[in-house]
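Presented below is the structure to which this report refers.
Throughout, protein chains are lettered first and strands after them, A, B, ... in sequence-line order, and every chain is numbered starting at 1.
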Amino acid sequence: MTALAAVWMPLDRAHPWHHDAIASPRTDHVSLMQRVQAGDDAAFAALYDELAGVVFGTVKRVLRDPAMSEEVTQEVFVELWRTAARFDPERASVSTWAITMARRRAVDRVRREQSQRDRIERSAAQRAPEGDSTDDTVVASIEAERVARALTELPDEQRVVIEMAFIDGDSHADIAERLDLPLGTVKGRVRLGLKKLGGKLGAAP
Amino acid sequence: MTSDRIDELIALAALGELSVEERDELDEAARRDQTIASELDEALAAAAAIQRPYAEDPPAALRNSVLAAIASTAQELVDDGGADLASGTPHSGSASVVSFEAERARRRFRPGLLAAAAVALFFVGGVALVATNDDGSDPIAAVIDAPDATVRSLTGEIDGITVIYSASEGALVVEGDGLAVLADRATYQLWLVGDDGATSVGTFRPDADGTVSQRFGDADPIGFVLGVTQEPAGGSESPTLPILASA
């Protein structure tokens, strides 16, 4: 412990910016969000820079179509701006709020724009071939490793459904059709899987 | 509500697949039971954590487009009874049912609105808004006080809009309180949504106090869903999603 303190304390003092660099993203996001709630458009621009990737990524995994994903991403950020006063940092991180909103809006768009059958066909056509997994697009990060590790600890039947839902961006109806499972079984596995992952992943920024 | 039902709703919330009714059902359960709220928060956080590493930068041009969009978008200024749950879905509030008599009474105590509505003749969204009836009576009050008037309260991301319709008057009135004040370049637009799509009723803008009272003729909302969107000034040919309020 003494050695550790000897290493880190001088570093903090000598490089005050270092503390900022390792500050919790959650703290930074909440700070920005509080300014957004006050109508600060500069803070919103900064928050956009922080969240655009996760929002667009979430939307695009559901919609596949890049142009449509851009439209929905814009809708998400406009909603985030308009409803900023409703954000409660005690309930969720800013990014969780934004990702949840992005997922919901993308699903809404799917429902509006095309039948499930059309979407499944297009999804199959555009899905990367076996062996060229979405891992190629994963940002290398500690969190990615943490997620991957947590997923491997799930029973296979839950892991497959969770991956299809949240990595492939499939709806529970899509999953049920592809795996030939009842809708209720898919929802049950999603719930159980998330419950098991909650303790491991819930504290993410 | 059974625990199985709660689990089903939480799963659908994480998947972004709750219907409006299911969302309200879950939000209500979470408000009543902190354990359910915590389970919902934890499930959504876990779902977000799985998705977060798969970030993908959007085209750079989108940034300017988003910033331009928010420049003409008003923020909700009033929290209507508590912060949003973590569902990512602004709740609809509790005012989905409005006593018509209460609405009439409330309306009568707003003489300023009557005067304002009688000031001028406008054309909005292709629908004529008449300042006074031929007999000089107030056209808005005529709808509200008509014996066959019915009222619908719209709910959604914005609350406070009611629509009163009278078949005998052949007109409807949009009434709103506590609405976000829009930038000059934006307006609200009312739509009739049916199986064949959306038909514009017209546009309306709240005043500086967030209040609106406006009559639209030649619009029969029976059998249609009423929806409100935010559009560029002058209105749009088709609704720009999301639907901010509906009934």
Any [X] side-chain heavy atom under 4.5 Å of [Y] side chain:
X	Y	value
A:Q74	B:P58	no
A:L192	A:L154	no
A:W97	A:D88	no
A:E50	A:D28	no
B:S236	B:Q189	yes

With a 3.5 Å cut-off and no angle check, do the side chains of A:T83 and B:E157 form a donor-acceptor pair?
no
For the residue pair B:R52 / A:T96, report whether a side-chain donor-acceptor contact shorter than 3.5 Å exists.
yes
Expected contact set for residues 183-190 of chain A against chain B at heavy-atom separation under 4.5 Å reads A:K187, A:V190
With a 4.5 angstrom heavy-atom cut-off, is it the side chain or the backbone of [X] that approaches chain B, or both, or neither?
X	answer
A:E70	both
A:A84	side chain
A:L194	both
A:V55	neither
A:Q37	backbone
A:Y48	side chain
A:V54	both
A:L51	neither

List the atom pairs, with distances to 0.1 Å, where a side-chain N or O of residues 238-247 of chain B and a protein N or O form a donor-acceptor pair under 3.5 Å, not counting sequence neighbours.
residue	atom	partner	partner atom	Å
B:T240	OG1	B:E231	OE1	2.6

Salt bridge check: are [X] and [Y] linked by an N-O gap of less than 4.0 Å?
X	Y	result
B:R32	B:E28	yes
A:R159	A:D156	yes
B:E8	B:R5	yes

Considering only heavy atoms and a distance below 4.5 Å, find which of [options] pairs most often with chain A.
options	answer
B:I50, B:L12, B:D57, B:I70	B:I70
B:L62, B:T73, B:L15	B:L15
B:A14, B:A61, B:A69, B:A71	B:A14

Closest approach of B:V225 and B:R152, non-hydrogen atoms and distance?
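That closest heavy-atom pairing would be CA-NH2, 3.9 Å.
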B:E237 atom CD, neighbour heavy-atom count above 12 within 6.0 Å:
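Not buried by this count: 12 neighbours or fewer within 6.0 Å.
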Name the option with the most non-hydrogen atom pairs under 4.5 Å to chain B; the candidates are A:K60, A:E75, A:E71.
A:K60
Among A:G57, A:A150, A:G53, which has the most heavy-atom pairs under 4.5 Å with chain B?
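Option with the top pair count is A:G53.
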B:L67 versus chain A, heavy atoms under 4.5 Å apart: side chain, backbone, both or neither?
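For B:L67, the contact with chain A is made by the side chain alone.
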